[in-house]
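Because the structure is predicted, anything quoted here is derived from the model rather than measured. Convention: sequence-line order gives letters A, B, ...; per-chain numbering from 1. Just so it is clear, the values below take in all heavy atoms, side chains as well, and ignore hydrogens, waters and symmetry mates.
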There are 2 protein chains.
Amino acid sequence: MVSATGSARRSAGRPLNRVLSQETITRAALTLIESRGYEGLTMSSLARALKVAPSSLYNHVESKGDVLILVQDHVMTQVDVSGFESEPWEHAVRLFAWSYRDVFTRHTPLIPVIAVLPVSGAPQTLAVYEAVTRGFQKAGWPEPLIVPAIIALESFIFGSAFDATAPESIFESGQLAGQYPQFTAAVAARKDHADQRQADVAFGLGLDALILGLRARVAGDLR
Amino acid sequence: MVSATGSARRSAGRPLNRVLSQETITRAALTLIESRGYEGLTMSSLARALKVAPSSLYNHVESKGDVLILVQDHVMTQVDVSGFESEPWEHAVRLFAWSYRDVFTRHTPLIPVIAVLPVSGAPQTLAVYEAVTRGFQKAGWPEPLIVPAIIALESFIFGSAFDATAPESIFESGQLAGQYPQFTAAVAARKDHADQRQADVAFGLGLDALILGLRARVAGDLR
DNA sequence: ACCTGAACACCGTTCAAGT
DNA sequence: ACCTGAACACCGTTCAAGT
């Protein structure tokens, strides 16, 4: 019997023309993540989206972790590094950092993947690092400081991406307010930044501080 | 039949004295994580360690996520906030930040949990924030800036904890080196900091920059 | 080479039955 | 109130069989 609606099921055996590739898998995974989130991304759901049996995926990837690596590298193309070509260093860093954080706020489950993944298998990730490095070099940064500075920036960005997914009320002490009076007061005193999200205020503050502090360090090293 | 070695299996029905509590569960989970890591922590393994059926756990926690929340709050007691009582602000922040990062380097799977968890259910976490807040107040920080500054610091710390779990060789471009010459050069130029780990160099650089930048911002606000 | 379909060893969670 | 034991609906992954 063939399913009543939709197309007939493919029979076993090698099909006449290949139906899968790493690219179609990556694309389907991204679409699935956009519509159903990361909990919605399973090898089953991915296979279903591609109209294929789950076991077929293993002809093209070694594991689900492999799929996440493919997705990660593709997501990296969404990060805006254009500023490093034309803009002054500080402006370029700011543009880059906000863009990087915004992208990964939508993809926090990739952060544990990327943070530990060797760049050698991730060309788009390398392309981003290359562009950023050129920007730092153009601004006259001492070579040995560039990679540590990029890592520090990236660490701040990843942590901030997690923070950006937290509910606005995360710091309300609730019942325990009386036991922690100073923190409760500090939470209440946070400036009412109109409609700006608290996570954005913190990110802006930290980014300004990092930029200022890094710049001071470079000036010291070059003097 | 009773198992040949070890104690006999408990029969069904309410036992004479309670064998579980949130505290024993938390303790067992932490021991399990220390010995087998986070992949080794399953509801089954946890039950086995406590000599109990997996379903028994659900009399004390609502889900595995609940267990992670209990673990997270307990781990928070390992963070050193003692500096904020006696030391100058800058030294206290440094002590706190390194300690916080070191603790969560061993517990990165908790980061997505804590980053989104309302503090109202996490007394130890609140205790840490209270101590830090007092240190900032003592140093004369303007009240509305304290919470954003703590969040920024924490974001940098969490991101750096992930970075600290990465292999030392993560930035070697491998085959693709030729296509990304500037980044490859920058990686090669990283100072040889004797036996200091690259992650520690980056964390130290970023922490110094953040401290300097935050301090400058405060000075500006108070002027 | 690359697909299907059946199977496997897990997972977290639910719930009736028992004391 | 709080435990056991059986069951359920999933998970990722393996592998023989098919073309």
Side-chain angles (χ1 to χ4, degrees), chain A residues 1-3 6-29 32-33 36-72 109-110 112-113, chain B residues 1-3 6-29 32-33 36-72 109-110 112-113:
Chain A
M1 181 181 132
V2 174
S3 65
S7 53
R9 178 165 287 146
R10 196 176 6 256
S11 63
R14 184 188 183 190
L16 297 178
N17 34 11
R18 51 158 46 213
V19 299
L20 291 179
S21 69
Q22 291 203 338
E23 218 193 295
T24 60
I25 291 174
T26 307
R27 224 181 278 283
L32 212 46
I33 289 161
R36 308 215 186 280
Y38 277 87
E39 325 97 272
L41 177 69
T42 70
M43 294 304 267
S44 272
S45 68
L46 188 50
R48 200 179 317 125
L50 290 158
K51 300 185 177 177
V52 116
S55 51
S56 305
L57 298 169
Y58 291 87
N59 289 304
H60 303 269
V61 296
E62 282 198 338
S63 65
K64 186 181 177 181
D66 248 31
V67 175
L68 290 181
I69 290 174
L70 291 171
V71 170
Q72 186 273 315
L110 293 178
V113 175
Chain B
M1 182 181 130
V2 174
S3 65
S7 53
R9 178 165 288 145
R10 196 175 6 255
S11 62
R14 185 190 183 189
L16 296 177
N17 34 12
R18 51 156 49 210
V19 299
L20 291 179
S21 70
Q22 292 203 337
E23 219 192 295
T24 61
I25 291 174
T26 308
R27 225 181 277 283
L32 212 48
I33 289 161
R36 308 215 186 280
Y38 275 87
E39 326 95 272
L41 178 69
T42 69
M43 295 305 266
S44 273
S45 68
L46 188 50
R48 199 179 317 123
L50 290 159
K51 301 184 177 178
V52 117
S55 51
S56 305
L57 297 169
Y58 292 86
N59 288 305
H60 303 270
V61 296
E62 282 198 338
S63 66
K64 185 180 178 181
D66 247 30
V67 175
L68 290 180
I69 289 173
L70 291 171
V71 170
Q72 185 275 315
L110 293 178
V113 175

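The pairing partner recorded for C:dC10 is none, the criterion being a Watson-Crick or G-U wobble arrangement whose two distances lie under 3.5 angstrom. Under the Watson-Crick or G-U wobble criterion, with both distances below 3.5 Å, C:dT4 is paired with D:dA16.
Mapped onto DNA chain C by nearest heavy atom, B:Pro15 and A:Pro15 fall at different nucleotides, with A:Pro15 at the one closer to the 5' end. For A:Glu39 and A:Ser56, each mapped to the nucleotide of DNA chain D holding its nearest heavy atom, the one lying further toward the 5' end belongs to A:Glu39.
An OP1 or OP2 oxygen of C:dC2 is reached within less than 4.0 angstrom by a side-chain nitrogen or oxygen of A:Arg18. Distances shown here put a side-chain N or O of A:Arg10 below 4.0 Å from the OP1 or OP2 atom of C:dT4. A close approach under 4.0 Å does not occur between any side-chain nitrogen or oxygen of B:His60 and OP1 or OP2 of D:dA1.
Minimum heavy-atom separation, B:Ser63 to B:Tyr58: CA-CE2, 4.2 Å. Counting all heavy atoms, side chain and backbone alike, A:Val19 lies closest to A:Arg10 at CG1-NH1, 3.7 Å. Across all their heavy atoms, A:Ala47 and A:Ala53 have their closest contact at CB-C, 3.8 Å.
Look at CZ on A:Arg9: it is 9 Å from P on C:dT4, rounded to the nearest Å. If you measure from atom CG of A:Leu57 to atom P of D:dT14, you get 13 Å, rounded to the nearest angstrom. Distance CG (A:Asn59) to C1' (C:dG5): 14 Å, rounded to an integer number of Å. Here C:dA7 presents its C1' atom at 14 Å from OH of A:Tyr58, a figure rounded to the nearest Å. A straight line from CZ of B:Arg14 to P of D:dC3 spans 9 Å, rounded to a whole angstrom. The distance between atom CG of B:Leu50 and atom C1' of D:dC2, rounded to the nearest whole Å, is 14 Å. Nucleotide D:dC8 holds its P atom 20 Å from the CE atom of B:Met43, rounded to whole Å. Separating the NZ atom of A:Lys64 from the C1' atom of C:dC11 is a distance of 13 Å, rounded to the nearest angstrom.
B:Leu20 comes within 4.0 angstrom of sugar-phosphate atoms only, judged by non-hydrogen atoms across all strands, and of no base. Within 4.0 Å (heavy atoms only), A:Ser55 reaches at least one base atom of the nucleic acid.
With B:Ser45 contributing its side chain and B:Gly40 its backbone, the two residues share a donor-acceptor pair below 3.5 Å.
For B:Ser44, whose side chain is taken as the heavy atoms from C-beta onward, the closest listed nucleotide among D:dC11, C:dT4, C:dC11 is C:dC11. Listed candidates were C:dT13, C:dC3, D:dC3. Nearest to the side chain of B:Ser63 is C:dT13.
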Worked verdict on B:Val71 versus B:Val113 for side-chain contact (heavy atoms from CB on, under 4.5 Å): CA-CA 10 Å; B:Val71 170; B:Val113 175; over 6 Å; no
